[in-house]
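In what follows, a structure is listed as structure tokens, so that the remarks can point back to it.
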Amino acid sequence: MGNALVLHSWVVAMSRSGDTAAGSLGPGLRNPYSVLPDWLYPTFVVVALSAFSLYAAWVVLFFPNGRAGPYLSPFTSPEIHVTVAGFAIPTGIWIFWVPLLFRATCYYYRKALFRGFLGDPRSCAASEGRGGPYHGETRLLVFNNLHRFIFYLTTAQVVVLWYDTIAAFVYQGAPHLGIGNALMLVNVVCLSAYTFGCHAFRHLAGGGLDCFSCHRVRFQLWRGVTVLNVRHDRWAWVSMFTVWGVDLYIRLLILGVIPAAAWV
Ligand code: FES
């Protein structure tokens, strides 16, 4: 504890001393939290989120459905088919905004977005790049408060994804087991770990209680959420890549790149 306080004081002192240029550690200074270069994390955030966003937009806008045999892409679940003047509205249009808003307002992703896209600050030990006063998440950013409400919609979506995953084990009336089943299962487990490790859910489970021993169920739930919450950032990334991976696999089946007859 004492060492942590000394370290924190040192970081604060260095960031206030003027030795650090905006968004950098300055010559001769090293990030005490990591041996990695301080530009690596924000660069990874920008590259990974930009690539995923472009891929998601391509899928949502240009594919009317995401089903290949027993498998259903998370981008198009639940399946909602609407045709207007002979034109099939892409299924993903109806639901993409739920995970988008959930992740955009996620407490962890806010940090990643601020650091990656705005450099504000670029890393833990780098100074703020902004010159004006700090306004917190007010004004336009007040929409982040929607997060706790979007959590409910996301929970419903995760339940539907569990249904899809279990349903994929049966195809045309017979039991089915393929690579797609394994991918869908891994994906929904990772998505569940991310969703139910949410800070807002943790508060729902155990927040506002003065006496944990008086509320055993909520206390146990809070402990469970806390286990997931400790690694919330990791689950955020892993679940994003599993969504990406499972959709890519199903997309390749739909496009015929992977032979569909075997429903592998
Ligand atoms: Fe990240 Fe809620 S805080 S999902």
Side-chain angles (χ1 to χ4, degrees), residues 47-106 109 113 117 140 143 146-147 149-192 194-195 236 239-264:
V47 171
L49 288 184
S50 299
F52 180 74
S53 301
L54 288 174
Y55 177 86
W58 175 66
V59 166
V60 168
L61 293 175
F62 298 110
F63 285 86
N65 73 73
R67 179 171 286 284
Y71 309 137
L72 183 59
S73 162
F75 280 102
T76 51
S77 177
E79 291 179 288
I80 302 171
H81 296 296
V82 177
T83 302
V84 178
F87 175 75
I89 308 282
T91 312
I93 290 279
W94 306 109
I95 42 120
F96 81 95
W97 55 273
V98 175
L100 175 68
L101 284 180
F102 190 59
R103 290 191 184 249
T105 59
C106 165
Y109 274 117
L113 292 171
F117 288 89
L140 181 63
F143 83 90
L146 288 173
H147 186 70
F149 303 109
I150 300 168
F151 168 79
Y152 300 126
L153 293 175
T154 305
T155 298
Q157 211 167 38
V158 169
V159 170
V160 172
L161 290 178
W162 271 106
Y163 172 84
D164 296 338
T165 302
I166 294 168
F169 283 103
V170 177
Y171 184 53
Q172 294 179 335
H176 172 81
L177 190 58
I179 295 173
N181 295 105
L183 293 177
M184 289 178 73
L185 186 59
V186 168
N187 178 51
V188 78
V189 167
C190 292
L191 274 178
S192 301
Y194 169 59
T195 303
S239 61
M240 190 191 87
F241 285 114
T242 59
V243 167
W244 199 344
V246 77
D247 180 83
L248 188 60
Y249 180 76
I250 294 171
R251 203 65 48 196
L252 293 177
L253 282 173
I254 293 172
L255 294 173
V257 177
I258 297 175
W263 293 125
V264 287

Has the side chain of [X] got a donor or acceptor atom that lies under 3.5 Å from a matching backbone atom of [Y]?
| X | Y | result |
| --- | --- | --- |
| Asn65 | Thr91 | no |
| Ser50 | Val47 | no |
| Tyr194 | Val189 | no |
| Asn187 | Val246 | no |

Are [X] and [Y] packed together at the side-chain level, in the sense that at least one heavy-atom pair is separated by less than 4.5 angstrom?
| X | Y | answer |
| --- | --- | --- |
| Trp58 | Phe63 | yes |
| Pro70 | Val170 | no |
| Val84 | Ile89 | yes |
| Phe96 | Val59 | no |
| Leu183 | Tyr71 | no |
| Gln157 | Trp162 | no |

Exercise. CZ of Phe117: more than 12 outside heavy atoms within 6.0 angstrom?
Worked result: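 Above 12, so yes.
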How long is the straight-line distance from [atom2] of [Y] back to [atom1] of [X], given to the nearest 0.5 Å?
| X | Y | atom1 | atom2 | value |
| --- | --- | --- | --- | --- |
| Leu101 | Cys106 | CG | SG | 12.5 Å |
| Asn181 | His176 | CG | NE2 | 4.5 Å |
| Leu248 | Ser73 | CG | OG | 10.0 Å |
| Ser77 | Leu72 | OG | CG | 4.5 Å |
| Thr165 | Tyr163 | OG1 | OH | 11.5 Å |
| Ile254 | Asp247 | CD1 | CG | 7.5 Å |

Residue pair [X] / [Y]: nearest heavy atoms and the distance that separates them:
| X | Y | result |
| --- | --- | --- |
| Pro259 | Leu253 | O-CD2, 4.0 Å |
| Thr105 | Ile150 | OG1-CD1, 4.3 Å |
| Ala68 | Ile250 | CB-CG2, 3.9 Å |
| Ala56 | Phe75 | CB-CE2, 3.6 Å |

Exercise. Does the cation-pi check pass for Arg251 over Tyr55, that is, NZ or CZ under 6.0 Å from the six-membered ring centre and within 45° of its axis?
Worked result: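 Geometry flag: not set, cation outside 6.0 Å or 45°.
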For this session: Determine the interplanar angle of the Phe102 and His147 rings, folded into 0 to 90°, and report it as parallel if under 30°, tilted if 30 to 60°, perpendicular if over 60°.
Result: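 Answer is parallel, since the angle falls under 30°.
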For this session: Begin from the C-alpha positions of Arg103 and Thr154 and carry the test side chain to side chain donor-acceptor pair (under 3.5 Å) through to its verdict.
Result: CA-CA 10 Å; Arg103 290 191 184 249; Thr154 305; over 6 Å; no
